[in-house]
Amino acid sequence: MRKPANVLLLIDTSGSMDFNVRGKQRVTPSEKSKLGLVKDAHGALLDGFTDTDKVGLWHFSDRHTSDDVIAPMGSRKPDGTTQRQHLATDIGDLHKDAGTALYATIDDAVDALRHHYDTHAINAVVVLTDGCDQTRTPGPGLEQLTAHLADPSQPPVRVFTIAYGQDACRSQLKATADASHAHAYNAQDPRTIDNVLTNVISNF
């Protein structure tokens with residue numbers, strides 16, 4: 001029997017996520033952006049979780065924003081919608097911003113999960129980004145982040161990384177995943193994101 005999941009999803013909404021699949025400015029508004037493809041793939045991202053799996057959502061640019069606190073996918077909000085429906089709506093409402101506070105966001109997400117740790121579940125962060133850590137906001141470097149992830153005195157949180165598009169910093173994302181005993185995934189062609197997300201969620 002699979003263990004339940006306690007997962008926080010992190011989606012990059014930096015300005016480059018508005019670029020097309022080749023990492024260039026879109027020529028027309030109807031041309032699909034990288035963020036648009038992620039929105040289209042929300043089914044692959046969410047459908048692999050059961051109603052008892054607990055999932056939350058943050059998006060990030062220069063700083064992170066909590067869209068949905070971690071809750072069981074089948075639980076109901078005050079408006080009557082389920083957590084699953086709420087997540088799908090919030091992913092669809094994401095829009096581009098600026099900056100990429102990648103390391104600080106991962107660091108904060110891991111702390112959040114450690115503070116709400118589920119000893120009976122797979123505790124994990126899934127982070128999708130098309131860039132590198134680029135922000136004017138002070139935060140940890142890669143060495144500090146990986147040390148934090150590997151700290152044996154802290155509850156283990158696995159960080160699954162998705163390098164999205166041609167400009168993502170794959171080696172840094174792999175180092176992050178490796179430090180947490182997780183896996184790094186490559187979606188260099190953004191049009192493959194649906195399949196990549198399906199593979200990521202199969203870990204839960």
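Sequence positions, counted from 1, serve as the residue numbers for this chain.
- At least one side-chain heavy atom of V157 sits under 4.5 Å from a side-chain heavy atom of R114.
- Judged purely by atom type and a 3.5 angstrom limit, Q188 has no side-chain atom pairing as donor or acceptor with the backbone of A168.
- In this structure, L45 and I201 have side chains that are in contact, with non-hydrogen atoms separated by less than 4.5 Å.
- One N or O on the side chain of T176 and one on the backbone of Q172 form a donor-acceptor pair closer than 3.5 Å.
- Looking at R26, its side chain does come within 3.5 Å of a backbone N or O of E31 through a donor-acceptor pair.
- Panel note: side chain D53, backbone T50; a donor-acceptor pair is recorded below 3.5 Å.
- Side-chain contact check for T161 versus V159: some heavy-atom pair is nearer than 4.5 Å.
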Sequence neighbours excluded and cut-off under 3.5 Å, please list the side-chain donor-acceptor pairs for residues 94-109, or say none.
residue : atom : partner : partner atom : Å
T105    : OG1  : A101    : O            : 2.6
D107    : OD1  : H148    : ND1          : 2.4

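- Inter-residue side-chain proximity for P190 and Y164 is flagged as met; some heavy-atom pair is nearer than 4.5 Å.
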Practice item. For W58 and L8, run side chain to side chain contact (heavy atoms under 4.5 Å, CB included): C-alpha distance rounded to whole Å, both residues' side-chain angles, the deciding distance at 0.1 Å, then the answer. Key: CA-CA 7 Å; W58 292 3; L8 190 51; 3.7 Å; yes

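- Surrounding NZ of K174 are at most 12 heavy atoms belonging to other residues, nucleotides or ligands under 6.0 Å away.
- Residues S14 and D130 meet the side-chain proximity criterion, which asks for heavy atoms closer than 4.5 Å.
- Linking Ile, Leu, Val, Met, Phe, Trp and Tyr whenever their side-chain heavy atoms come within less than 4.5 Å puts I162 and I122 in one cluster.
- Side-chain atoms of V55 and I70, non-hydrogen and from C-beta on, never get closer than 4.5 Å to each other.
- Partners of F204 according to the ring-ring contact (aromatic ring centres under 6.0 Å, His included) rule, which considers only residues two or more places apart in sequence or in another chain, are F49, F160.
- At distances below 3.5 Å, at least one donor-acceptor pair connects side-chain atoms of H116 with backbone N or O atoms of A112.
- Using a distance-only test at 3.5 Å, with no hydrogens or angles considered, no donor-acceptor pair links the side chain of K34 to the main chain of D18.
- Looking only at distances, a side-chain donor or acceptor of N203 sits under 3.5 Å from a matching main-chain atom of V200.
- Applying the salt bridge (Lys or Arg N to Asp or Glu O under 4.0 Å) rule to D40 yields the partners K32; only residues at least two apart in sequence or on another chain are considered.
- Side-chain N/O atoms of N123 and R158 include no donor and acceptor closer than 3.5 Å.
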Practice item. Given side chain to side chain contact (heavy atoms under 4.5 Å, CB included), test L128 with I193 step by step and report yes or no. Key: CA-CA 10 Å; L128 180 150; I193 191 58; 3.7 Å; yes

Practice item. Take Y117 and N6 through the test side chain to side chain contact (heavy atoms under 4.5 Å, CB included) and record every step on the way to the result. Key: CA-CA 8 Å; Y117 201 77; N6 187 42; 5.8 Å; no

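- Residues T13 and S61 form a side-chain contact, since some pair of their non-hydrogen atoms from C-beta on lies under 4.5 Å apart.
- The structure places CG of D79 at 8.5 Å from CD of Q85, a figure rounded to the nearest 0.5 Å.
- Linking Ile, Leu, Val, Met, Phe, Trp and Tyr residues whenever their side-chain heavy atoms come within less than 4.5 Å places I11 and L46 in a single cluster.
- Checking L9, V7, L113 one by one against V125, the side chain to side chain contact (heavy atoms under 4.5 Å, CB included) holds for a single residue, L113.
- Under the 4.5 Å side-chain contact rule for hydrophobic residues, F60 and V38 do not share a cluster.
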